[in-house]
Amino acid sequence: MSRICELTGKGRQVGHNVSHANNKTKRLFLPNLQNVTLMSEALDRSFKFRVSTHGLRSVEHNGGLDNWLLKAADTKLSPRALKVKRELVKATAA
């Protein structure tokens, strides 16, 4: 399973470990991913996502999963999150 947030698209970053002697070796900075269940109020269902803690705070800040998905760009969302977004758009239009 890839280390990418399903809602924000946040992934790994590459950098250096720098020693006291200023030697540089490559390293990875991985996002802090958590398996969470988020509730959709409009669909009255819960969905499981693998989300970074930063993404989880953003969802809470925007007032829940429904508001977050409606504002989020499709390019950053995972295929599972896009499917939920399409269902949400249908439900709000009806």
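Count residues from 1 along the sequence.
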Who passes side-chain hydrogen bond (donor to acceptor under 3.5 Å, both in side chains) against Ser40, sequence neighbours left out?
-> Asp66
Residues at least two apart in sequence or cross-chain that pass side-chain hydrogen bond (donor to acceptor under 3.5 Å, both in side chains) with Asn32, listed by chain then number, are Gln34
Spell out, yes or no, whether Leu82 and Ile4 are grouped together once hydrophobic residues are joined by side-chain heavy atoms under 4.5 Å, including indirect joins.
-> no
Count the heavy atoms belonging to other residues, nucleotides or ligands that lie under 6.0 Å from NE2 of His61, then report whether that count exceeds 12.
-> no
Would you mind writing out the side-chain donor-acceptor pairs for residues 83-94 within the sub-3.5 Å range, not counting sequence neighbours?
residue: Lys85; atom: NZ; partner: Leu69; partner atom: O; Å: 3.4
residue: Lys85; atom: NZ; partner: Ala72; partner atom: O; Å: 2.7
residue: Lys85; atom: NZ; partner: Asp74; partner atom: OD1; Å: 2.7
residue: Glu87; atom: OE1; partner: Arg45; partner atom: NH1; Å: 3.3
residue: Thr92; atom: OG1; partner: Leu88; partner atom: O; Å: 3.1
residue: Thr92; atom: OG1; partner: Val89; partner atom: O; Å: 3.0

CZ of Phe49 to CG of Asn35: how many Å apart, nearest 0.5 Å?
-> 12.0 Å
In Leu33, Leu38, Thr8, Leu7, the residue satisfying side chain to side chain contact (heavy atoms under 4.5 Å, CB included) with Leu56 is Leu38
Of all residues at least two apart in sequence or in a different chain, which pass the side-chain contact (heavy atoms from CB on, under 4.5 Å) check with Ser19?
-> Ala21, Asn23
Not counting sequence neighbours, which residues clear side-chain contact (heavy atoms from CB on, under 4.5 Å) with Asp44? List them please.
-> Met39
Could you tell me whether a side-chain N or O of Asn67 sits under 3.5 Å from a main-chain N or O of Asn62, the two making a donor and an acceptor?
-> yes
Applying salt bridge (Lys or Arg N to Asp or Glu O under 4.0 Å), which residue pairs with at least one partner in residues 5-24 are found, sequence neighbours left out?
-> Glu6-Arg80
Closest non-hydrogen atom pair, Val14 against Phe29 = C-CD1, 4.4 Å
Which pair of heavy atoms, one from Ser52 and one from Cys5, lies closest together, and at what distance?
-> N-SG, 3.3 Å
